[in-house]
Amino acid sequence: MAQFRIIPAFWVLGCSATAIQVLILRELFVLLSGNELCFGLALGVWLIGIAVGALVAVFLVNRGKPSYLFSGCLAAGPILALGSVLAIRMLRSFLQIPFGEQISPGLSLILSFLCVAPLGMLVGIAFPLAVTCLGRNAPHAETSSRPVGQTTSTVYAWESFGSLAAGALISFYLVGRFGTVEILLWTAVLTSVVASLLFLPSRLGETYLLVAGILALVVATDTGKALEQWSNLRRWQGFGYGDWVLSRDTPYQHFDLGRAADQFNLYSNGSLLFSFPDPYTEQISAHLWMSLHSNPRSVLLIGGMGGRYLPPILDHRPERVDYVEPDRVLVEMVRNRSEFRLAQILDSDKVHVHITDARRFVRETEQRYDLVIVDLPDPSTALLNRYYTKEFYSEIRDILAPDGRLVTGVEAPSTYLAGELGTYTASIFWTLQSVFEHVGLLPDGNLFMVASSAQPPSLDQPEVFVDRLRSRRISSSTFAPEAILNHILPQRAKAARNALDQLQWVPRNTDFSPQSYLRKLVLWSRESGGDSLADTLDNLGSWRRFLLVMLLLAASVPWVFLGMVPKRVSLFTSVATVGCAGMGLELVAIYMYQNLYGYLYREIGFLVAVFMAGLTVGAILGRWIAHLPNAQRILIRVLFGMAGFTFLFPFFLWGLSMIQPGHSIGLTVYGGLILVTGCLVGVVFPVAVAVLAERQSGDGGKVVAFADAADHLGGALGAFLPGILLFPLFGVFWICVLLGVGLACVATGFLMATYLESPYF
C-alpha cells in the first residue's frame, strides 16, 4: 500500500518540474524581449538551482523523516512558481525600466537567479528525498531496506516518465487554450492531492487535501482567469504603449495588443513587432518592392506583418501571390482589426495563404516566382537566423524564375556601416553574394538587398521605378509614383557598397555556423548596456581558432589525472560530463531540426518528450545493469560508446541536411538520434550511483544527492556553453568534437582509476 501511494508522487514530481520549467522560461522569454541568450542563461540557472538543491539534500536525507520534506517540496513547487510568474510580469514596472529599453545581460542574469533558482532548488531537494523514501519501503520508515541503485533507477524512470507526459500535454494541448496562471493552479491541485495520499488519514494529509480543494475552487470560480488578466495588464504597463487590448499565448510566441488613438501596436515576446494600420509605410514598401521587377506575375511574400502589404501588392495585378506565415493567430489579429479590403484580399482567388514554416514551404513548392519578398525581423535569435543563411538563399534561388528577384533586408542605417554594425551587415550581404551573382542595395531607412542570378537590378536608375508605377496606374490619395524617388538613393547605395567591400573577410552565415546570429548578439549586448559581454563575444569571435585549441586541450586534460584520484571523483566527473554532453547534443539536434523543418512548437515539444522517453528507457536499462557483477565495466563501455556516438553526431546531421528527407521521415530520424542520446544519459546515472554506493554505508541518500548535483551542473554547463555560446562561435561540428573529446577523456580517466584501484576510494 505504501508503494502504491508513493510511486505516483514520483510521476507527479516529473510532471510538476517540467510544467514549472516550461512556463517560467516562457515568462522570462517575454520579460527579456525574446533573446535566446537570456533563455539559455535562464535554463542554465534552472539546472544550477537543481544542483544546489541536491547538495542541500545531502544534509537532509538522514535527518528527521524525509517524507515530510519531500511532500512539502512537491506541494510547494507550483505555488511558488505562481508567485514567480506574477513577480516576473510586474518586474519591468517595479524596476521602472524605460519604455522600449531592453534589459541588460547582467540584470537578466540576476533576475533569472531570483526567479528561477529557488524553483530549481525545490526540484533538486525533492529527488534525493524521493530516493530515500522509496529505499525505506514506506514514507514513514527510518532505515533503508533497498539497494540504492534500484531505488534511484525507479525514481529516475518515473520522474522522467512524468516529464514526458507533462511536456507532451503542454506542447500539444494546454498552450493556447489555458493561461499560465490556470495551468499552474491545476498543477498545484494535482501535487497537493498526491501529497495528501502519502499521509491520509493523518491531519497532515487532510491539510494537503484542504489546500487542493481551495485551489480547485479558485480555478472553478474563474478567479484564476481574473488573476491571469490582471497580471497581463501589469506586464503590459511595463513595456506597452497605449491601452491594453488583449494577450494571447500561441505555440510560437506570446502576443500583446495595445491601441493608441486609431493605431494598434502588436508586441511579440515583449518587443514591438509592428504598428497598424500605417497606409503610407505599407504602400511605399510594397510599391518599391513590386517595381523591382518589370512584370511580377507570381509573388512570394514571407512574413509581411499579418498580410498588411497584400493590398498594395495586388494593385500591381499579379496573377498569383503566395503569403507564408507560421502563426495563424498573427494573421487573425491583424485581419480582425483592419479595413474590410484586407479581409476580402485574404479570401480572394489570387492570394494563397499558407500557415506553415517558410523554409519548408520553399523547399516543397513547385511554383516559380518572379519576386520573393522576405520581410522578417533581423537574426536576433537562432530561429530567425535560419532565414539569412547560405542554405536558405540557395533554396530561394531554386524557386526563382530565370529573371526573378529576391528582396530582403536588415535594420542598419546605410550611412554608418562600421564596427559591430558593419560586420553584422557584411555577414549577411556577403552570404547573399556567395549565392547570387548580382546583389544591389536599397538604402531606404533599413538597408534592403536585392539579389538576382540573371541580370543586375536597375537600382541606379530611379526613373525606371517611376515609369513602372505609372504604367501600372499605381496612384492613390496617399501615394504618388514620384514619391518613390525619395527612397531610391544611388549615391548612398554606392557608399554603403564601398563600406561592405572593405569587410569581405567576414565569415559567411550558414546553418551549421550561424555567424550573423553571433554578430547580432554582440550588437544586442552593446545596445542594452552590456559592453563587457559585447567585448567578450567580440574577442571570442576574433580569437575563436585559438579558443578552440584551448578548449580541446582543456577537454583532454582529465585522462591525465583522473586515474590518480579517487574513483569516486572519476565517477562524479563522468556523470557531470555525460549531463553536459546530453544537454548539448539535444540542443544541437533541435536547432538543426529547426533549420530543416521549421520551429513548430508541437514538434519541438515532441523531440524534448522523446529525450525524456530516452531517459526513462535508459533508467530501466540502468536498473538492470546495476545488478550485474560487471556493472562497472559496462559503465566504462557505455561512456566510450557515447563518446563515439558524439563524434558521429554531426555527420548524421550533415547527411540529413544533404538528403533533406520528407518531414515524417526526418522527424523519425531526428527523434531516433535524440532518443539514443537520452537513453545513454539515462543509463549512466543509476549505474554510476550503484557503483558509488557499493562501498558506502547507510542508505546512500548522500551519494544520490551528490550524483544528482553533478548531473545537473553538467546539464547547466551544456545548456550555456555548447547550446548558446559556443554554437555561434564554432558551429555544430566543433561542438560535437569538444563534447566527444571530453567524454572519451573522462571514460579513459575512469578506466585508469578502476584498474589502478586507488586506495583513497
Side-chain angles (χ1 to χ4, degrees), residues 15-34 42 75-94 111 114-116 119 166-167 169-192 211-259 264-271 273 327-330 332-333 336-337 601 605:
C15 289
S16 175
T18 298
I20 292 171
Q21 177 189 2
V22 170
L23 297 174
I24 290 293
L25 291 182
R26 283 175 68 95
E27 293 292 325
L28 279 173
F29 202 50
V30 178
L31 174 68
L32 305 176
S33 302
I79 298 175
L80 182 59
L82 180 58
S84 295
V85 167
L86 298 179
I88 289 171
R89 293 183 177 183
M90 294 185 287
L91 270 174
R92 288 190 68 99
S93 297
F94 177 76
L111 295 178
L114 292 176
C115 298
V116 177
L119 298 167
L169 186 62
I170 291 174
S171 302
F172 298 158
Y173 183 74
L174 295 179
V175 170
R177 290 183 172 87
F178 301 94
T180 299
V181 172
E182 294 176 275
I183 297 174
L184 286 175
L185 283 171
W186 279 119
T187 305
V189 171
L190 177 63
T191 56
S192 298
V211 171
I214 294 173
L215 293 172
L217 185 63
V218 168
V219 179
T221 57
D222 287 340
T223 306
K225 290 183 179 180
L227 187 59
E228 182 85 43
Q229 295 280 36
W230 175 83
S231 58
N232 277 325
L233 177 58
R234 298 283 82 77
R235 173 166 55 189
W236 169 263
Q237 292 171 346
F239 64 77
Y241 175 71
D243 297 326
W244 177 68
V245 177
L246 60 85
S247 296
R248 287 283 301 274
D249 274 310
T250 78
Y252 303 92
Q253 55 204 313
H254 173 83
F255 285 122
D256 288 285
L257 184 67
R259 182 169 188 169
F264 291 97
N265 301 306
L266 184 61
Y267 290 76
S268 171
N269 294 329
S271 295
L273 194 58
D327 201 332
R328 186 182 302 275
V329 173
L330 174 61
E332 293 174 353
M333 293 179 76
N336 295 338
R337 291 167 180 84
Y601 189 86

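All values derive from a computational prediction rather than experimental measurement. Along the sequence shown, the residues carry numbers beginning at 1.
Scanning both residues, A75 and P78, for their nearest heavy atoms gives O-CD, 3.7 Å. Of all the heavy atoms in V211 and S192, the pair that sits closest is CG1-OG, 3.9 Å. A pairwise comparison of heavy atoms in L273 and S268 identifies CD2-CB, 4.2 Å as the closest pair. Across all their heavy atoms, L119 and S84 have their closest contact at CD1-OG, 3.9 Å. In plain terms, the two heavy atoms of T221 and V218 that are nearest each other are OG1-O, 3.3 Å.
Between atom OG1 of residue T187 and atom CG of residue L23 there is a gap of 7.0 Å, rounded to the nearest 0.5 Å. Separation of atoms CG (L184) and CD (E27) is listed at 8.5 Å; rounding is to 0.5 Å. Note: T180 OG1 to N232 CG = 8.0 Å, rounded to the nearest 0.5 Å. Atom SG of C115 sits about 10.0 Å away from atom CG of L80, to the nearest 0.5 Å. Separating the CE atom in M90 from the CD atom in Q237 is a distance of 11.0 Å, to the nearest 0.5 Å. A distance of 11.0 Å separates CD1 in I24 from CG in L31, rounded to the nearest 0.5 Å.
Of the possible polar contacts, none joining the T18 side chain to the C15 backbone as a donor-acceptor pair under 3.5 Å is found. Within the 3.5 Å criterion, the main-chain N or O of V181 finds a donor-acceptor partner in the side chain of E228. Using a distance-only test at 3.5 Å, with no hydrogens or angles considered, a donor-acceptor pair links the side chain of W244 to the main chain of L246. Of the possible donor and acceptor atoms, one in the side chain of N269 sits under 3.5 Å from a partner among the backbone N and O of H254. Side chain of T191 to main chain of A188: a donor-acceptor pair is present (N/O by atom type, distance under 3.5 Å, no hydrogens or angles).
For the pair R26 and V22, the minimum side-chain heavy-atom distance is below 4.5 Å. Inter-residue side-chain proximity for S231 and V85 is flagged as unmet; no heavy-atom pair is nearer than 4.5 Å. In this structure the side chain of E182 never reaches within 4.5 angstrom of the side chain of L185, judged on heavy atoms. Here the side chains of L266 and M333 are in contact, with some heavy-atom distance below 4.5 Å.
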Worked verdict on I88 versus V30 for side-chain contact (heavy atoms from CB on, under 4.5 Å): CA-CA 9 Å; I88 289 171; V30 178; over 6 Å; no
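Taking the six-membered ring where the residue is Trp, W236 and Y267 present perpendicular rings, their angle passing 60° and hence far from 30°.
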